[in-house]
Amino acid sequence: MKPRILIMGLRRSGKSSIQKVVFHKMSPNETLFLEITSKIFKDDVSNTSFINFQIWDIPGQIDFLDSTFDLDMIFGGTGALIFVVDAQDDYMEALTCLHQAVSKAFRINPQIRFEIFIHKVDGLSDDHKIETQRDISQRANEELHEASLIDLHLSFHLTSIYDHSIFEAFSKVVQKLIPQHSTLENLLSSFVQNSGIEKTFLFDVVSKIYIATDGSPVDMQSYELCCEMIDVMLDMTCIYGSSGYLNKGLGYATTQDSTCIIRLNNSNILYLREVTRFLVVVCIVRDDAFTKRGIIDYNILLLKKAIHEVFDVRP
Ligand SMILES: Nc1nc2c(ncn2[C@@H]2O[C@H](COP(=O)(O)OP(=O)(O)OP(=O)(O)O)[C@@H](O)[C@H]2O)c(=O)[nH]1
């Protein structure tokens, strides 16, 4: 069975928008016209994405006492529960709902990972963001403590669909659900060390979620640059690529051996290579190191083989 990610939260908190922007390439402005979700919406993203997950969007007004919702079934097979809190609104009601949802889910399935998206932070100043996160996490954890749920751990992320924070947060959620994640991180670290590369990411193309990166810290700017490179590559391939590219209407997938090189004006080079149908590796390389492109390409070949073995997939 596919691991399931549940997205919950109050009405209009931004659940459907997150799902559409991350997995369906909807532009953030278009989400203004999304209709209210009135029943559980199940989205299977595995046709278009490496991520073999089901995303369930649970409507804001779910009532936990309503017997029409089979909570054992909903929480039983869930890998992660994302709870969206609208940071631009008064969040007291959201915190009550959050407490009800996580305590119920934890009692049914203690393996679930609880991820709290403090969402719509595009409207807040940097200081206000930090203060809001501190306040929300303190209140939420105090309530759990009072209910003696000390083993229940909440992770907090500041997100907005208007920048890359939502992709970064989703990347962190997905990485925790991939059992092979630490193997991938080790592979990428050794690839970076042996190729003279500054930083590398393994991306799911359609969602721009990074499945793994090497051991060095991620800076948002590098991540954003790599995301933008993927957009450029997809747009160019849509216009000039072969007809098989659109994957029979199911969505985007790379063509065999897709390659893309972009030279930046700070003497860095972005280098993208396809790894499997849905995965690409994106490297940030200094231009003097890129003179040894043969070594990098050879190492990418080895990396591809290793990743295929880890996931047991065919290119
Ligand atoms: N400023 C800002 N607005 C957002 C963001 N994400 C979503 N919105 C807006 O919030 C509104 C509600 O978004 P929806 O995605 O429909 O919310 P929902 O939680 O799915 O709502 P229900 O279907 O009622 O459960 C829309 O007008 C979105 O454009 C964000 O990151 N920043």
(Q) For Asp86, is there an ion pair with Arg11 - N to carboxylate O distance below 4.0 angstrom? (A) no
Q) Going from CG on Leu98 to CD on Glu93, what distance comes out if it is rounded to the nearest 0.5 angstrom? A) 12.5 Å
Q: Output the distance between atom CD (Gln138) and atom CD (Glu143), rounded to the nearest 0.5 Å.
A: 12.0 Å
Q) What's the verdict on side chain to side chain contact (heavy atoms under 4.5 Å, CB included) for Val21 and Thr31, showing C-alpha distance, side-chain angles and the deciding distance? A) CA-CA 8 Å; Val21 169; Thr31 63; 3.9 Å; yes
Q) Phe106 versus Val102: any side-chain heavy-atom pair under 4.5 Å? A) no
Q) Quick one: do the Tyr271 and Asp297 side chains pair a donor with an acceptor below 3.5 Å? A) yes
Q) Taking side chain as C-beta onward, heavy atoms only, is Leu225 less than 4.5 Å from Met229? A) no
Q) Where is the tightest heavy-atom contact between Leu177 and Ile5, given as atom of each residue plus distance? A) CD1-CG1, 3.9 Å
Q.
For a quick test of reading the model, state the closest non-hydrogen atom pair linking Arg263 to Ile269 and the distance between them.
A. NH1-CD1, 3.2 Å
Q) According to a 4.5 Å side-chain heavy-atom criterion applied to Ile, Leu, Val, Met, Phe, Trp and Tyr, with indirect links allowed, do Ile197 and Ile261 form part of one hydrophobic cluster? A) yes
Q) Between Gln175 and Ile211, what is the shortest heavy-atom contact and its length? A) CG-O, 3.1 Å
Q | Salt-bridge criterion met for Arg134 and Glu131 (N-O under 4.0 Å) | A | yes
Q) Which value, rounded to the nearest 0.5 Å, describes the distance between Ile296 atom CD1 and Leu303 atom CG? A) 12.5 Å
Q.
Please tell me whether Tyr210 and Val310 are part of a single hydrophobic cluster in this structure, the criterion being side-chain heavy atoms less than 4.5 Å apart.
A. yes
Q.
Is the distance from the ring center of Phe167 to that of Tyr223 below 6.0 Å?
A. no
Q | Glu115, Gln133, His119, Glu168 screened by side-chain hydrogen bond (donor to acceptor under 3.5 Å, both in side chains) with His157, the one that passes | A | Glu115
Q) Going only through I, L, V, M, F, W and Y residues with side-chain contacts under 4.5 Å, is there a path from Ile150 to Phe156? A) no
Q. Do we see a donor-acceptor contact under 3.5 Å between the side chains of Lys199 and Ser216?
A. yes
Q | Side chain proximity check, Thr276 to His308, heavy atoms < 4.5 angstrom | A | yes
Q) Yes or no on side chain to side chain contact (heavy atoms under 4.5 Å, CB included) for Val205 and Phe278, after CA distance, side-chain angles and deciding distance? A) CA-CA 6 Å; Val205 178; Phe278 299 128; 5.7 Å; no
Q. Taking atom types as modelled, is there a side-chain donor on Ser155 or Lys176 under 3.5 Å from an acceptor on the other?
A. yes
Q: Please say which of Val281, Ile230, Thr259, Ile262 ends up in a side chain to side chain contact (heavy atoms under 4.5 Å, CB included) with Leu272.
A: Ile230
Q: Indicate yes or no: at least one non-hydrogen side-chain atom of Tyr91 is less than 4.5 angstrom from one of Ile118.
A: no
Q) Does the side chain of Tyr162 reach to within under 4.5 Å of the side chain of Asn29, using non-hydrogen atoms? A) yes
Q: Consider only side-chain N and O atoms of Glu30 and Ser27, and report whether a donor and an acceptor are under 3.5 Å apart.
A: yes
**Q.** CD1 on Ile7 to NZ on Lys15, rounded to 0.5 Å
**A.** 9.0 Å
Q.
If we count only N and O atoms by modelled type, under 3.5 Å, do the side chains of Asp127 and Ser125 hold a donor and an acceptor together?
A. no
(Q) In the structure I gave you, are the side-chain heavy atoms of Phe83 and Cys97 within less than 4.5 Å of one another anywhere? (A) yes
**Q.** Check: Gly215 main-chain N/O paired with Ser189 side-chain donor or acceptor under 3.5 Å
**A.** yes
Q) Where do His153 and Phe114 come nearest, in terms of heavy atoms and distance? A) O-CB, 3.8 Å
Q.
Is there a path of hydrophobic side-chain contacts, each under 4.5 Å between heavy atoms, that joins Met220 and Leu264?
A. yes
Q: For the pair Leu6 and Phe75, evaluate side chain to side chain contact (heavy atoms under 4.5 Å, CB included) and give the outcome as yes or no after the intermediate values.
A: CA-CA 8 Å; Leu6 290 185; Phe75 295 129; 3.7 Å; yes
Q) How long is the span from the NZ atom in Lys305 to the CG atom in Leu187, to the nearest 0.5 Å? A) 13.5 Å
Q: State, to 0.1 Å, how close Ile161 and Ile166 come at their nearest heavy-atom pair, and which atoms those are.
A: CA-CG2, 4.1 Å
Q: Measure the spacing between NZ of Lys208 and CD of Glu228 and express it to the nearest 0.5 Å.
A: 8.0 Å
Q) Does Ile295 belong to the same Ile/Leu/Val/Met/Phe/Trp/Tyr cluster as Phe191, with side-chain heavy atoms less than 4.5 Å apart forming each link? A) no
Q: Find out whether Asn141 and Leu144 are in side-chain contact, i.e. whether some heavy atom of one side chain is under 4.5 Å from a heavy atom of the other.
A: yes
Q) Are any of the side-chain heavy atoms of Cys227 and Phe203 separated by less than 4.5 Å? A) yes
Q: Give a yes or no answer on whether the side chain of Asn194 reaches the backbone of Asn299 with a donor-acceptor pair at less than 3.5 Å.
A: no
**Q.** Heavy-atom pair with the smallest gap, counting every atom of Ser160 and Ser165
**A.** N-OG, 2.9 Å
Q: Start with the C-alpha distance between Asp231 and Lys25, add both sets of side-chain angles, then the distance that settles side chain to side chain contact (heavy atoms under 4.5 Å, CB included), and finish with yes or no.
A: CA-CA 10 Å; Asp231 282 337; Lys25 270 184 115 27; 3.3 Å; yes
